Peer 1: 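There's a structure below that I have some questions on.
These values consider heavy atoms only, across backbone and side chains, with no hydrogens, waters or symmetry-generated copies. The residues of the chain are indexed from 1 along the displayed sequence. From a predicted model like this one, the values you see are computed outputs, not experimental measurements. Indexing begins at 1, ligand by ligand and atom by atom, following the structure's order.
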Amino acid sequence: MPAIIDTDPGIDDAIAILHALRVPDLDILALTTVAGNIGLSVTTGNAGRIVACAGVPTPVHAGAAAPLGREPRPETGVHGTDGLGGVTFPAPLAEPASRDAVAYMAEALMAAEPKTIDLLCLAPLTNVALLLRHHPEAAARIRRIIAMGGAVDEPGNMGADKRAEFNLAHDPEAAAEVLHAGLDLVLIPLDATRQFRANADFIARLRTVGTAPSVACADLIEAYFAQTEGQTQIRESRPLHDPCVPLYALRPDLFRLETRSLQVEPESGALVPGPYQMQVAMGVDADGLRDALAEGLAC
Ligand code: RIB
Ligand code: CA
């Protein structure tokens, strides 16, 4: 199953990528990076570090340095100033393969048989929107977009009113262009990802798996906990948002989809009732996902 991962690593992005690179049933053609959790130079360097940790040589193509028509708004409070919660990773094995992720996506889609490549989207949708704008013929050849983003019935995680979710809110224009384009798309919102949680037992389980990627994921989840230290509520677990995307590609049976009629609110990026029919994941088998993630990281 060939796929391109579009990402802003990012603690949970890193877990998703380590898993996706190691499982035999996914053929990750490349990582494309975008500004989101942290600036583009950091997300791109982190993508190279994660590839080095996975030990699976994979090209990294740098993409958009800012949302469409806006300034970047990094989230160092969650992911740390290095974007990986201070967890030590090896140096990248190589420089980025290019600094034009959108051109790479278009070339890869045009070179492959139509409808054979999935886009696994873990970040603001700036790169994907630019692909649709500038390479519509390539965009028409995308097999499926699986994107983590939005909040449907649950509160979001962005802004004072918490109506929006980070990936859509960071670039609402891009989110609207992609989600309203009528592509074969599955959206995995906070409604689903907040059900997939890691606690101390799961961290211990990953350490027992013992591979470099699984130990790195244990360290990343611990860092995720550390980012919330001092907050009033002691967190017993942390949600694994982005890992839901490759897990859906591999095990859609572990997700419950609903069809909803939604639209992206232009200014805020909030998902509100609208005319666009979307497949959204609203439930997960959390135990099944934890087993699938731990098994994948053992590969
Ligand atoms: O809201 C969760 C999303 O925002 C995840 O992709 C996380 O990495 C952050 O980018
Ligand atoms: Ca992300």
Peer 1: Nearest N/O/S atom of D8 with respect to the Ca ion (ligand 2), by atom name, please.
Peer 2: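 Sorting the N, O and S atoms of D8 by distance to the Ca ion (ligand 2) puts OD1 first.
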Peer 1: Output yes when a side-chain donor or acceptor of H61 lies under 3.5 Å from a complementary backbone atom of D100, and no otherwise.
Peer 2: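 Side chain of H61 to backbone of D100: no pair is present.
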Peer 1: If you stand at the Ca ion (ligand 2) and look out to O of L122 and OD2 of D242, what angle do those two lines make, to 10°?
Peer 2: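 O of L122, the Ca ion (ligand 2) and OD2 of D242 span an angle of about 90°.
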Peer 1: Is the ring pair F255/Y248 parallel, tilted or perpendicular, if the boundaries are 30 and 60 degrees?
Peer 2: perpendicular
Peer 1: Provide, to 0.1 Å, the distance between atom 6 (O) of ligand 1 and the closest protein heavy atom, together with that atom's residue and name.
Peer 2: D242 OD1, 2.6 Å
Peer 1: D171 side chain to P124 main-chain N or O, any donor-acceptor pair under 3.5 Å?
Peer 2: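 Judged by distance alone, no pair lies under 3.5 Å.
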Peer 1: Output the list of atoms in ligand 1 that are nearer than 4.0 Å to some heavy atom of E165, sorted by atom number.
Peer 2: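 That gives atoms 1 (O), 2 (C), 3 (C), 4 (O) of ligand 1.
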Peer 1: With heavy atoms of D12 as the reference, note each atom of ligand 1 found under 4.0 Å away.
Peer 2: 5 (C), 6 (O), 7 (C), 8 (O)
Peer 1: Measuring to the Ca ion (ligand 2), does D13 have an N/O/S atom at a distance below 3.0 Å?
Peer 2: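 Looking at D13, which is the residue asked about, there is an N, O or S atom under 3.0 Å from the Ca ion (ligand 2).
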Peer 1: Can you sort out which atoms of ligand 1 are near N157, meaning under 4.0 Å from one of its heavy atoms?
Peer 2: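 Heavy-atom distances to N157 below 4.0 Å select 1 (O), 2 (C).
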Peer 1: So, does D82 use its side chain to make a donor-acceptor pair with the main chain of L84 at under 3.5 Å?
Peer 2: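 Yes; judged by distance alone, with no hydrogens or angles, the pair exists.
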Peer 1: For ligand 1, which atoms, with element, lie under 4.0 Å from some heavy atom of D13?
Peer 2: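 By the 4.0 Å cutoff, the relevant atoms are 8 (O).
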Peer 1: Suppose we measure from atom 10 (O) of ligand 1 to each protein heavy atom; which comes out shortest, and what is that distance?
Peer 2: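 Looking at atom 10 (O) of ligand 1, the protein heavy atom closest to it is N37 OD1, 2.8 Å.
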Peer 1: So is there a nitrogen or oxygen of H241 less than 3.5 Å from a nitrogen or oxygen in ligand 1?
Peer 2: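 By distance alone, the answer is no.
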Peer 1: Counting only heavy atoms closer than 4.0 Å, does ligand 1 sit against the backbone of T193, its side chain, both, or neither?
Peer 2: neither
Peer 1: Going by the atom numbers of ligand 1, which of them fall below 4.0 Å from some non-hydrogen atom of D8?
Peer 2: 10 (O)
Peer 1: Does CD in E137 sit with more than 12 non-hydrogen atoms of other residues, nucleotides or ligands closer than 6.0 Å?
Peer 2: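 Enclosed: over 12 neighbouring heavy atoms sit under 6.0 Å from CD of E137.
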Peer 1: Going by atom types alone, do D8 and T43 pair a side-chain donor with an acceptor below 3.5 Å?
Peer 2: no
Peer 1: So that I can check it, does any N, O or S atom in A16 come closer than 3.0 Å to the Ca ion (ligand 2)?
Peer 2: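 So A16 does not count as coordinating the Ca ion (ligand 2).
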Peer 1: Check whether any side-chain N or O of H180 sits under 3.5 Å from a backbone N or O of V264 as a donor-acceptor pair, and report yes or no.
Peer 2: yes
Peer 1: Can you list the atoms of ligand 1 that are under 4.0 Å from a heavy atom of F166?
Peer 2: 1 (O), 4 (O), 9 (C), 10 (O)
Peer 1: Would you mind telling me if ligand 1 is within reach of the side chain of V78, the backbone, both or neither, using heavy atoms under 4.0 Å?
Peer 2: neither
Peer 1: Which is it for L122 and ligand 1 at heavy atoms under 4.0 Å: side chain, backbone, both or neither?
Peer 2: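 Near ligand 1, L122 shows its backbone, while the atoms from C-beta on stay back.
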Peer 1: If you count the non-hydrogen atoms of other residues, nucleotides and ligands that lie under 6.0 Å from CD in E95, is the total more than 12?
Peer 2: no
Peer 1: Under a plain distance cut-off of 3.5 Å, with no hydrogens placed, do E265 and S268 share a side-chain donor-acceptor pair?
Peer 2: yes
Peer 1: Can a donor-acceptor pair be found, under 3.5 Å and without considering hydrogens, that links the side chain of H170 to the backbone of R73?
Peer 2: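 A pair under 3.5 Å: yes.
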